Each structure stands twice: as structure tokens, then as C-alpha cells.
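Numbering of ligands and ligand atoms starts at 1, following listing order. Just so you know, these numbers come straight off a predicted model, no measurement behind them.
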Amino acid sequence: MPITKYVFITGGVLSSLGKGIATASLGLLLKQRGFSVTALKFDPYINVDPGTMNPYQHGEVYVTDDGAETDLDLGHYERFIDITTSRLNNTTTGQVYHEVIQRERKGYYLGKTVQVIPHITDEIKRRMTIFDGQHDIVLIEIGGTVGDIESLPFLEAARQLCLERGSQNTLNIHLTYVPYIRSAGEVKTKPTQHSVKVLMESGIRPDILLCRTEQRLGRDIRAKIALFCNVEEEAVIEALDVENIYEVPQMFARRGLDMIVLRKLGLQGKPLRMERWNRFVRRIKNPRYVLTIAFIGKYTQYWDSYKSILEALTHAGAVVNARVVVRWVSAEELSLNGTADHPLSDTDGILVAPGFGSRGVEGKIAAAGYARRSNIPYFGICLGMQCAIIEFARNVCNWQGAHSAEFARTAYNVIDLLPEQRRVKQKGGTMRLGAYPCVVRKGTKAWQAYGQELVYERHRHRYEVNPEFLPALQEHGLVVSGTSPDGRLVEIVELAHHRWFVGVQFHPEFKSRVPAGHPLFVHFLRAALRYQQRRLEGVEVVTSVV
Ligand code: GLN
């Protein structure tokens, strides 16, 4: 059993400095040095999980195999470190209090006053050490910015763990910001000094500083930060802005971050092996083709909401040798226009995003119809598949007013709640969540992509294709190319006489990894590339069919 080493990653000065990417990048470097690594995220908010928050509040909700709705940083961990996370990898203040209060009600603490220290901090430490002995290194990212009231118990738990495990087995990395002040023409270290001071008030002394900056930090600046923040000079690491997040591990490797971490933890490690990663980065930076994909969603101003889909497009792009340019199309504007023609013409593929609630849904349905009629490659994810079916029901089957029961009760609720969901009363954590098996039908486009009969994909939805209408939908030509093993739940649909029109009830984006990508995204982009080439060769004229 290995002695597990713990690396804490905190952030200062301001949020959005890329703590998740920094954690994931370090995880990759340590794994490529031959260690078994996992990463945990601790979020200071009181929601039990982000499942009930909207994307403006939280960005994407990332779903794990075991059905936890988690922080999007877990997606970075999976994609960079190539690990499979679970509900044990993400803890919120809400979960910690929930657990402690339940225990109190059971009489576990009889006679005692239940307090933040030690009861809350003990529960946090229990969660921080849940993989003790199972991995060489556990990275622990603490959400928020030091100085926030909410994150104090997490910092206190980290401090206690450092004391208990000793300095050979624990390490503190602090991510800060070193702004460049244009009028003065220089970078300023004061915010970093303040941030470290605040961190030290919690009893945590940083061993390594990662300094986010737009400008190169000269030796003198790093020496100044080192002196004022009480950190070794070589442990003050410049984290320069890079063009692409996948370059962050390379940048850290150039600055020797892995070596410093291993030295401080008293570990040796194998030589760093980054060939595969470097090859992938070269491919995404120098693609042969450019593909334009129309992305129809509600949060087109807020890309974090669709993080995993965007990453999956990047991965698949590397496989087909193309840069994917996303053309953001607001679903609501499409519905207001009443016509889907304009923003969707002249694209190589159309992707309709997942979503909840009726806002923008008519636009998504219009986009699916446009793709179906114009023979443009279409990929509908979750709500994107449901909208494709609604469109098919309305315009191919001629079922007037066909809709999902999520939005309207009609005679043709082709998407509806199944009995197990009708019984559900609570909103949090009660959707169909996590990995479920899907049987892929031979001879379909889905089969061409997967090349195997049984696949597992992650879900996050309440509504399903209504089995009552399925035979009629199929008679009208809808191909069901994937179902649950018992055949009851529709998982993948497609159109036979279309170039590539596939809708999936699940979220394939959560399982896309470097460098192979996800087969459905890869095949979607292949179809988009073929379509683009045929247009360029003039074999095909784009027809806009109303
Ligand atoms: N709102 C739909 C449902 O609950 C689709 C969800 C989604 O796109 N993730 O079934």
C-alpha cells in the first residue's frame, strides 16, 4: 500500500485563474512520471451538488459514471489525467453539513455540542483522505478564493492534514495573479503578497506559487515574490497565458513544476513521458482543415456551460485533422426569426445542445428540421435528440402540435416522463443520471462509429422517448439505432437517408478523451468534412429548403 501524498491547490486574488486546469495539468505530469494520481474538488457552496444550479451560476454540470452531478473541473481531471472520477471526487459544503447533521440526528454525537471544529473539519478530512493508500498522490483543489468566509473550514482541514501527515507527505500550491499595469509598464506583485498573507492567516504556508500572468516574469520579479512570500525562488513559477488549455501541462513541464513537486515530496519518479500529449497538441495547433459547426444553445454567451462538448469537438477535430470553429447560434433568436435559414446555412454541421426548460426550444426544433431537410450533418445531444424527434413527429408524421411533455401536454407527447420519473417528488439528484448500457444496432451510423454492440454512456435527463409512439415513428422512417438492453428506452436515433443525422439521449461529451476522441463526435466531424469537401468540389449546391 503506498503512502499517499497530498497536494493542496488553493487560489488567490481573483477567481477564474484556471485552478482546475492547473490541477489537471499537474495531475497529468505526475501520472506521466509513473505515479498513480487522482484529483478531488472541494466546493464551498451549500448546494448539495450543482445539479440544481443554472449554467450562469455554475457553468456545466459534469456527470460521472456513478451518476453524481459535479463540478466541471472533474471533466478537466478526467480529460487530462485520463482517470474515471466518481461522487467521491467532489465534495460541497452542503454535503459535509448534510452528513454531519444526519449523524447528529442519529445520536452519533450524543452529549456533545456539534461544531465546525472538529466535527465539520473531521468530515472534510475524512473526504480528503477517502483514497488513502489507493493512490500515490491525491491532488486536492479547494474551490473559491482564499479570504472567502465559505472556504475557511476547508483550509482549516487542509492545515490539520498537513500537520498530521508531515511536510514530506503534503504540499501546498497557491495559484495567484500577477497583473501587468499598462500605464506603469510593469507587473505588480502586491496582490500576490496579499493573497499569500491571507492564506498564511489560515496557517497554510505555500510551498509553490503558480503566478498567472500575461507578461513574462523576469528573474527579479520572481526573486521579489519569493522573498516577500517566503517561498523558494525556483518554486515561484510563471504561469503564462497560453493559446490553448492543452498547452498548460507543457508549459508547467518546461518550468520544472513536476520536478519541484516530486523533490518536495521526496519522490523520485520516472522520466517524464509526454510524446502522446505533445503529438495531440501539435495536431490541434496545425490542422489541415477548418470546419464550421453551428452550435444551437441557450447559453451562447457563456461557453463554460458547454465545456465538455467544446472539448469533445477539439478532441475529435484533432482526429480528423480539423480545427472546429463554433458558430454560436442563440436558440431563442432562431425561434423568434421563425426561419432557421440564415445562421445555419453555410455551416458544415449543426449541433443542438442539451437543455432544460422551454426557452429556445422552438429554435432547436427549427434547427433540427433545417438539418433534416437540407441534408446537413446533424448531431443532437439529449434535448437535441428530443427536439429532432419532435420535429420528425410534427413534419414527417404530421402529428400537429407534437411536443415533449416537459413543455406542453398535447395529443402527441412523443417525449414524456416514464412511470419511474412520475413518482419523483424531489428535484435534486433524481434524474436518470450516470452510465447506462446501450445496445447499438448493426448496420447503422451509430454502429459505424462505435464498432461494438454494447456501450456505456452517461445520462442526465428526466424525459424519454414515449414508447407509445415509437412503432409509428419507426414506420415513418425514424431509425432507432441504440436502446437500453431491454429495448424499453431509446438511446440513439438516426435518419437512414440522410448524410449523418444522429440524436443521442445521453451525453457522449463526458467520455471524450485525448487523443482518440469520442467515436460519435469523430464521425459527426468526418461527415461534416465530407460534406464540406463535396461543396467545395461543387458536386453539391447548398439548397435551403423551407
Ligand atoms: N430537458 C430534457 C430532459 O430532462 C433534456 C435534458 C438534457 O438535455 N440534458 O429530459
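Under the 6.0 Å distance and 45° angle rule, Arg394 does not count as a cation-pi partner of Phe392.
Of the N and O atoms on the side chains of Thr314 and Arg323, not one donor lies less than 3.5 Å from an acceptor on the other residue.
The neighbour count for Ile46 CD1, taken as heavy atoms of other residues, nucleotides or ligands under 6.0 Å away, does not exceed 12.
Remark: Arg423 pairs with no residue by the salt bridge (charged side-chain N to carboxylate O under 4.0 Å, His left out) rule, at least two apart or across chains. Every residue was checked against the salt bridge (charged side-chain N to carboxylate O under 4.0 Å, His left out) condition with Arg276, not counting sequence neighbours, and none meets it.
Sorted by first and then second residue, the salt bridge (charged side-chain N to carboxylate O under 4.0 Å, His left out) pairs with a member in residues 17-31 form an empty list; sequence neighbours excluded.
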Please tabulate, one line per pair, the protein nitrogen or oxygen atoms found under 3.5 angstrom from a nitrogen or oxygen of ligand 1, with distances to 0.1 Å, or say none if there are no such pairs.
residue	atom	partner	partner atom	Å
ligand 1	1 (N)	Gly355	O	2.9
ligand 1	1 (N)	Glu406	OE1	2.7
ligand 1	1 (N)	Glu406	OE2	3.2
ligand 1	4 (O)	Arg462	N	2.9
ligand 1	8 (O)	Gly355	N	2.9
ligand 1	8 (O)	Gly355	O	3.4
ligand 1	8 (O)	Leu383	N	2.9
ligand 1	9 (N)	Arg460	O	2.9
ligand 1	9 (N)	His507	NE2	3.2
ligand 1	10 (O)	Gln386	NE2	3.1
ligand 1	10 (O)	Arg462	N	3.2
ligand 1	10 (O)	Tyr463	N	2.8

